[in-house]
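Please read the structure below before turning to the comments.
Below, read A as the first sequence line, B as the second, and so on, with proteins coming before strands; counting in each chain starts at 1.
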There are 2 protein chains.
Amino acid sequence: MGTRHKTAHAGVTREDLADAALRLLERDGAKGLSMRKVAAEVGVQAASLYWHVRDKEELLDLACDALWADFDAPPPHTTDPAGPHSPGGTDDWRPQVAVLARRLRTHLLTRTNAARVLVGRFAPGPRWLDRMESLIATLRTAGFDGRDAADATYLLGTWVQGFVLHESVPMSAAEQRGASPSEATALARRELEELSGERYPNVVALAGDIAGPDMDTRFEFGLARLLDGLEPLRATATPKQAE
Amino acid sequence: MGTRHKTAHAGVTREDLADAALRLLERDGAKGLSMRKVAAEVGVQAASLYWHVRDKEELLDLACDALWADFDAPPPHTTDPAGPHSPGGTDDWRPQVAVLARRLRTHLLTRTNAARVLVGRFAPGPRWLDRMESLIATLRTAGFDGRDAADATYLLGTWVQGFVLHESVPMSAAEQRGASPSEATALARRELEELSGERYPNVVALAGDIAGPDMDTRFEFGLARLLDGLEPLRATATPKQAE
DNA sequence: AAAGGCATCTAACATCGTTAGGGGGATCGG
DNA sequence: CCGATCCCCCTAACGATGTTAGATGCCTTT
């Protein structure tokens, strides 16, 4: 049987399975992922997977961790080449957090199908903890107390994931096998405009604003709002005194 | 009224299917929903469903809309029974939005299983549009311009859904068949504390803040941050310029 | 009474997750 | 060198799933 995929019968690792699962998920979507296909992808029979893995669930957990494999966080704040304690140094927490949020979004966005399945699963592996540690470090040195830093981290994480989840769904459920993205938004807008102007005056009037703006600007809007909302919580420099 | 359950063949409606699907989804979770079970629930053979519905997908779309059946939005701002049209009345947009956000959360939370499957599907039916119209109306009369109101609506919606999605997942993936919630958080906290204090100094130090606070306060934290971030966008009273 | 559509049925297919039990090849103790 | 042991994979099968095809009866209209 010449079905050796990688090295001839070198043995399959759990990482192989996770990678294969991720690959299939991304290529064929949620229903394209079956044990048999994962097995075929790594060059074995379906039942053989159960030697490495107890469940399909466990396989998904593995994939969930592998999702973060190639996500390279910016180095935590403590390794910042600039001044470690400089008052100006703690003010750039905004761009730092923003950059992390944007990277998180694009990371999930380029793995839409996988993210859709894996979001809300959250077996936080070491790679995810790295992100968390980095973010919290940034926030604390920026002047947030521990509790606020933890809550803000959670807030950012949940928002980005919720955002991507929406963003990655075809705007109209019926358009999944349909038109180009620009056509889809135009169509969505038209649908909104054709609603009852009596019952939905604002929705109709703002149809262009609701269906119109591209997701990038929408994301930036939300991000700016979050950062603005967090800002007043910072203890500027030492316990009291302002700047 | 006509709640004949499965008396002979009284005829099945699409609403019946959606309700049955929602019921099964909530009772048995995602994998408890099969065509055959939905059919049995309404007293019919599996194949008969395909007369009412093209796909399982379409059934889920139906259920997605039915999810909002018993969500009663607070009346839009214009029908506020208390202060009719006081100029200070536009300042209570915060509690209005907050109330809507909290209701949205609890609504999704009491339908966790269904929400998990249906989130990100979003065939926005009329009921969802009602919510949207109400929210946008509130924001606009509070002084937000159209574009900001639309973006803020999107922001709030995505955040609440992302939040609930996280909230409704068992804190540790392994604990789904395990302990009580309080035990789970205690265990999660202990797990965080046992991490390498070298690699994750902040995570370890704040283990209590990360795993500790209950979700209600976390939600309120995020909500307050969002509202704070939106506040400066309001055009306060002075009609200096539109757009 | 005949016709026709509506709503459901039975039967079957391919595919899915998962289990049971068997076997071949490497490694190690003697 | 031999056998034992473990690792890793195999074939075969079970029940459940989504979905289709074709037949059957009920209800309404003619």
Determine, step by step, whether Trp159(B) and Gln161(A) satisfy the side chain to side chain contact (heavy atoms under 4.5 Å, CB included) criterion, reporting the C-alpha distance in whole Å, the side-chain angles of both residues, the deciding distance to 0.1 Å, and the verdict.
CA-CA 8 Å; Trp159(B) 172 64; Gln161(A) 290 204 28; over 6 Å; no
Once you measure the plane-to-plane angle for His107(B) and Phe71(B), does it fall in the parallel (<30°), tilted (30-60°) or perpendicular (>60°) bin?
perpendicular
Charged N to carboxylate O below 4.0 Å: is that the case for Glu193(B) and Arg189(B)?
yes
Spacing between [X] atom [atom1] and [N] atom [atom2], to the nearest angstrom:
{"X": "Arg14(B)", "N": "dA7(C)", "atom1": "CZ", "atom2": "C1'", "value": "15 Å"}
{"X": "Met35(B)", "N": "dA16(D)", "atom1": "CE", "atom2": "P", "value": "18 Å"}
{"X": "His52(B)", "N": "dC9(C)", "atom1": "NE2", "atom2": "C1'", "value": "12 Å"}
{"X": "Asp55(B)", "N": "dT20(D)", "atom1": "CG", "atom2": "C1'", "value": "12 Å"}
{"X": "Glu58(B)", "N": "dT19(D)", "atom1": "CD", "atom2": "P", "value": "11 Å"}
{"X": "Arg36(A)", "N": "dT17(D)", "atom1": "CZ", "atom2": "C1'", "value": "12 Å"}

Of the candidate nucleotides dT18(C), dT8(C), dT11(D), which contains the atom at the shortest distance from the side chain of Tyr50(A)?
dT18(C)
Please assess Leu22(B) against Leu118(B) for the test side chain to side chain contact (heavy atoms under 4.5 Å, CB included), listing each intermediate value before the final yes or no.
CA-CA 10 Å; Leu22(B) 237 37; Leu118(B) 269 24; 4.0 Å; yes
Tell me whether the guanidinium CZ or amine NZ of Arg105(B) lies under 6.0 angstrom from the six-membered ring centre of Phe219(B) and within 45° of its axis.
yes
Face-on cation placement of Arg225(B) at Phe221(B) ring, 6.0 Å and 45° thresholds
yes
Any base atoms under 4.0 Å from [X], or only sugar-phosphate, or nothing? Heavy atoms, all strands.
{"X": "Leu33(B)", "result": "sugar-phosphate"}
{"X": "Ser34(B)", "result": "sugar-phosphate"}
{"X": "Lys37(B)", "result": "sugar-phosphate"}

Using five pairs at each end of the helix from dA1(C)-dT30(D) to dG30(C)-dC1(D) to define an axis, what is the angle between those two axes, to 10°?
10°
